[in-house]
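Atoms within each ligand, like the ligands themselves, are counted from 1 in listed order. Because only heavy atoms are used, hydrogens play no part in the values below, and waters and symmetry mates are left out as well, while side chains stay in.
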Amino acid sequence: MSRVFNFSAGPATLPVPVLEQAAAEMLDYRGCGMSVMEMSHRSPEFKEIIETAEADLRELMAIPDNYSVIFLQGGATLQFSGIPMNFMKKGKADYIVSGSWSKKAAKEAEKYGEVHVVASSADDNFASIPDVDDIAFDEDADYVYICQNETITGTTYHKLPDTHGIPLIADVSSMFLSEPIDVSRYGVVYGGVQKNVGPAGLCIMIIRNDLLDGDIKPYTPVYLDYKLQAEKGSLYNTPACYTIYMCGLVFKWLKAQGGLEGIARRNREKAALLYNYLDNSALFKPTAAKADRSIMNVPFVTGDADLDAAFIAGAKAHGIANIKGHRSVGGMRASIYNAMTVEGVQALVDYMKEFEAAQA
Ligand SMILES: Cc1ncc(COP(=O)(O)O)c(C=O)c1O
């Protein structure tokens, strides 16, 4: 067996012990004679899987009791529509546009109500997070929307906007479970799991219960009725059973890493290793504004497209995969999610050093 250091932005690397456990349980899940893939979502075994996953997630994130957790298919993109359908009760919302993902979410929401882009870093090519200190939010807005970690440009909010009581909705797809967050500061926290939590096919939503009250848009597909999904424990229909099982294994793994405090320490160590090298390199430059850098997605360039291409082409021989930047930005991007090891980041830095020395 030979595993590479996989820097993909998602679907992304998963912890080896989780994959090993899934492999060991593949044909016969804990003596029931079948795989989790093959069992009924109404079986006692699956009931235990989904309930344990939710309980472990609640423990890891210290989710207050007045929040519901739902597991939905369709990724985060589907919720770009589900969110306005469920929460635009008065018909308008404020969006902060800090990159491709918040821009897409705002554009989708326009189909369902009035969207005000109250701050944007488009003029800066999304290399930074807009200043959130002096935003004049509409006090009638149903919610304020942010993408807390922009996967493509590698920026993150190190400070949340003060929304003066308007519910804050945050897409945390590419920073899910990477560090502790105070859930009580949000109305909704949600994200696709295929970056930091599990295989593709699932979106986890954590919703403050009072936001589930009241009418939703009458044309909302029943699948996207969050209140119904919460009442049914995400079992209104057949959920993404196997993906939920895999996420559950990842939650157990995270608990064994010292929970979110423990994993955050390691994530900061990995990010520091990479940024320290980038900040001192004469060849490679990080592209995100220093104050807003993500510790999960690290885009960088040489400034010369041919050199970037040579670096990417040479990565394979060093056991490094998926280091090419997003097509909209170019250059390179290292996604260093929870399951990326310090050893993997060190291997990348060693290759960068070697490549840089060869140019001299
Ligand atoms: C921050 C963020 N939001 C939303 C999405 C869209 O997620 P999905 O592909 O699960 O719909 C992505 C995907 O990469 C993302 O990085």
Side-chain angles (χ1 to χ4, degrees), residues 6-14 70-85 93 95-109 111 120-122 126-130 143-158 160 168-179 181 186 188-206 221 223-224 226 234 239-240 242-244 246-247 250 267 287-288 292-299 322-329 333-340:
N6 178 8
F7 291 92
S8 170
T13 189
L14 286 167
I70 53 178
F71 299 102
L72 296 181
Q73 301 185 47
T77 303
L78 186 61
Q79 311 321 325
F80 294 172
S81 321
I83 285 166
M85 284 180 191
Y95 277 68
I96 301 179
V97 172
S98 55
S100 299
W101 293 112
S102 43
K103 190 175 167 191
K104 281 190 172 154
K107 187 157 181 281
E108 188 66 15
K111 293 179 184 167
S120 167
S121 50
F126 298 130
S128 57
I129 295 290
Y143 58 85
V144 173
Y145 184 98
I146 61 170
C147 172
Q148 201 170 330
N149 188 84
E150 288 281 2
T151 321
I152 293 175
T153 35
T155 58
T156 206
Y157 285 73
H158 292 295
L160 292 177
L168 179 66
I169 298 187
D171 171 359
V172 296
S173 297
S174 45
M175 57 173 284
F176 225 148
L177 299 173
S178 62
E179 57 186 296
I181 62 168
Y186 304 79
V188 179
V189 180
Y190 83 101
V193 301
Q194 72 274 19
K195 296 157 193 310
N196 227 357
V197 193
L202 189 70
C203 180
I204 299 179
M205 304 197 80
I206 301 158
Y223 187 79
L224 286 179
Y226 297 157
S234 309
Y242 196 77
T243 303
I244 292 170
M246 288 294 290
C247 290
V250 171
N267 286 335
T287 55
D292 301 323
R293 285 169 173 177
S294 166
I295 60 166
M296 293 281 98
N297 310 101
V298 184
N322 294 317
I323 197 68
K324 194 168 190 285
H326 190 270
R327 60 193 177 281
S328 65
V329 178
R333 172 177 51 174
S335 292
I336 48 176
Y337 297 129
N338 288 346
M340 173 54 65

- Looking only at heavy atoms, which two atoms of C147 and S98 are closest? And how far apart? O-OG, 3.8 Å
- Message: Under 4.0 Å, heavy-atom basis, I'd like to know which part of D171 is in contact with ligand 1: side chain, backbone, both or neither.
- Response: side chain
- Of all the atoms in ligand 1, which lie at a distance below 4.0 Å from a heavy atom belonging to G75? 10 (O), 11 (O)
- Query: Judged by modelled atom types alone, do S294 and N149 share a side-chain donor-acceptor pair under 3.5 Å?
  - Reply: yes
- Query: To which protein heavy atom is atom 1 (C) of ligand 1 closest, and what is the distance rounded to 0.1 Å?
  - Reply: T151 OG1, 3.2 Å
- Message: Which of the numbered atoms in ligand 1 are under 4.0 angstrom from any heavy atom belonging to N149?
- Response: 1 (C)
- What do you reckon, does G10 put a non-hydrogen atom under 4.0 Å from ligand 1? no
- Message: Using 0.5 Å steps for rounding, measure from the NZ atom of K103 to the CD atom of E150.
- Response: 11.0 Å
- In ligand 1, which numbered atoms sit nearer than 4.0 Å to a non-hydrogen atom of C147? 1 (C)
- Out of W101, F176, Y190, indicate the one that has the non-hydrogen atom closest to atom 13 (C) of ligand 1. W101
- Task: Could you tell me whether K104 approaches ligand 1 through its side chain, its backbone, both or neither, with non-hydrogen atoms closer than 4.0 Å?
- Result: neither
- Item | atom 10 (O) of ligand 1: nearest protein contact (heavy atom, Å) | Q194 NE2, 2.9 Å
- Subset of ligand 1 atoms that lie under 4.0 Å from at least one heavy atom of F80: 4 (C)
- Query: Does the side chain of N297 come under 3.5 Å of the side chain of Y337 through a donor N or O and an acceptor N or O?
  - Reply: yes
- Message: For atom 14 (O) of ligand 1, what's the nearest protein heavy-atom neighbour? Residue, atom name and distance, please.
- Response: K195 NZ, 2.7 Å
- Message: To check you understand the geometry: which heavy-atom pair defines the closest contact between I96 and S102, and what is its length?
- Response: O-CB, 3.4 Å
- Task: Fit a plane to each ring of Y143 and Y95, take the angle between them on a 0 to 90° scale, and name the class: parallel (under 30°), tilted (30 to 60°) or perpendicular (over 60°).
- Result: perpendicular
- Task: Determine yes or no for a side-chain-to-main-chain donor-acceptor pair under 3.5 angstrom, with N338 supplying the side chain and L177 the backbone.
- Result: yes
- So which heavy atom in the protein is nearest atom 11 (O) of ligand 1, and how far is it from that ligand atom? T77 OG1, 2.5 Å
- Message: Using side-chain contact (heavy atoms from CB on, under 4.5 Å), reason through I336 and I295 one step at a time and then give a plain yes or no.
- Response: CA-CA 7 Å; I336 48 176; I295 60 166; 5.8 Å; no
- Message: Among all the protein's non-hydrogen atoms, which is closest to atom 7 (O) of ligand 1, and how far away is it?
- Response: A76 CB, 3.5 Å
- Distance only, no hydrogens: is a donor on one side chain within 3.5 Å (strictly under) of an acceptor on the other, for S81 and E108? yes
- Can you tell which part of C203 has a heavy atom less than 4.0 Å from ligand 1: side chain, backbone, both or neither? neither
